[in-house]
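Have a look at the structure below before the remarks.
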Amino acid sequence: MESHAKTAVLLLFSLMMLIVLPGHEARRLEVEVEESAQAPPPYSPIISSCAPKLPKNCGDEVRDSVLGVERSVPTNECCRQLVLWGKTCHDAFAQLLVSLEPASQKSSILANSKTICEGCVDVVAQPPVSS
C-alpha cells in the first residue's frame with residue numbers, strides 16, 4: 001500500500017506540473033490518473049491553483065524534502081520559489097502528501113514540512129553574498 005501511495009502522489013504531482021509546461025503540446029496531452037491518486041476534495045482547488053506557480057524541479061525537491069527522501073533539502077533557488085509559492089500552497093501540498101502516505105508518517109511529514117518552510121524563509125531573509 002505504501003508504494004501505491006507514493007506512486008499516486010508522483011502521478012498527481014506530474015499531472016499538476018503538466019500545466020507548467022509551455023506550448024500547445026502539453027495542453028493537448030491527455031493523462032489518465034486513477035481516481036485514488038487525485039487530491040482529496042478540500043485540497044483539489046488549492047493544489048490546482050498552486051501547481052503552476054512552482055517549477056517542477058523545485059516541486060520535486062520540496063516533495064522529497066517533506067517526505068524525508070535521503071535527507072534532501074531544497075536548493076536556495078527552490079527555497080526562493082517556495083517562499084514565492086506561499087505558505088498556503090506549501091501547507092496544501094503537505095496535506096496532500098499526508099493524505100497519500102501511511103498514517104504512521106503523518107507527524108513526520110508535517111514536521112518536515114514546517115522545517116522546510118521555516119528554513120526556506122530564513123534562506124530568503126539572508127542578504128545576498130557580495131563578491
Nearest 0.5 Å please: distance from the CD atom of Glu70 over to the OG atom of Ser65.
11.5 Å

If I compare all heavy atoms of Ile46 with all of Ala92, which pair ends up nearest, and what's the gap?
CG2-CB, 3.3 Å

Is there side-chain contact between Cys120 and Pro74, with heavy atoms separated by less than 4.5 Å?
yes

Close side-chain approach of His90 and Val66, heavy atoms under 4.5 Å
yes

Would you compute the distance between atom CG of Leu67 and atom OG of Ser108 and round it to the nearest 0.5 angstrom?
8.5 Å

Atom of Asn57, atom of Cys78 and distance for their closest heavy-atom approach:
ND2-SG, 4.1 Å

Can you name the closest pair of heavy atoms from Ser48 and Pro52 and give their distance?
O-CD, 3.4 Å

Check side chain to side chain donor-acceptor pair (under 3.5 Å) between Lys114 and all other residues, then give those that pass, not counting sequence neighbours.
none

In terms of heavy-atom contacts, Gln81 and Lys53 come closest through OE1-O, 4.5 Å

Side chains of Ser72 and Glu61, donor plus acceptor under 3.5 Å:
no

Report whether Leu110 and Ile47 are members of the same hydrophobic cluster (ILVMFWY, side-chain heavy atoms less than 4.5 Å apart, transitive linking).
yes

Can you tell me how far CG of Asn76 sits from CG of Leu82, rounded to the nearest 0.5 angstrom?
12.0 Å

Co-membership, hydrophobic cluster, residues Val69 and Phe93, 4.5 Å side-chain
yes

When rounded to the nearest 0.5 Å, the distance separating CG of Leu97 from OG of Ser113 is 8.0 Å

Test your reading of the model: is there a side-chain donor-acceptor pair from Trp85 to the backbone of Cys50, 3.5 Å cut-off?
yes

Report the distance from atom CG of Asp122 to atom SG of Cys79, rounding to the nearest 0.5 Å.
9.0 Å

Going from CD on Glu101 to CG on Leu96, what distance comes out if it is rounded to the nearest 0.5 angstrom?
9.5 Å

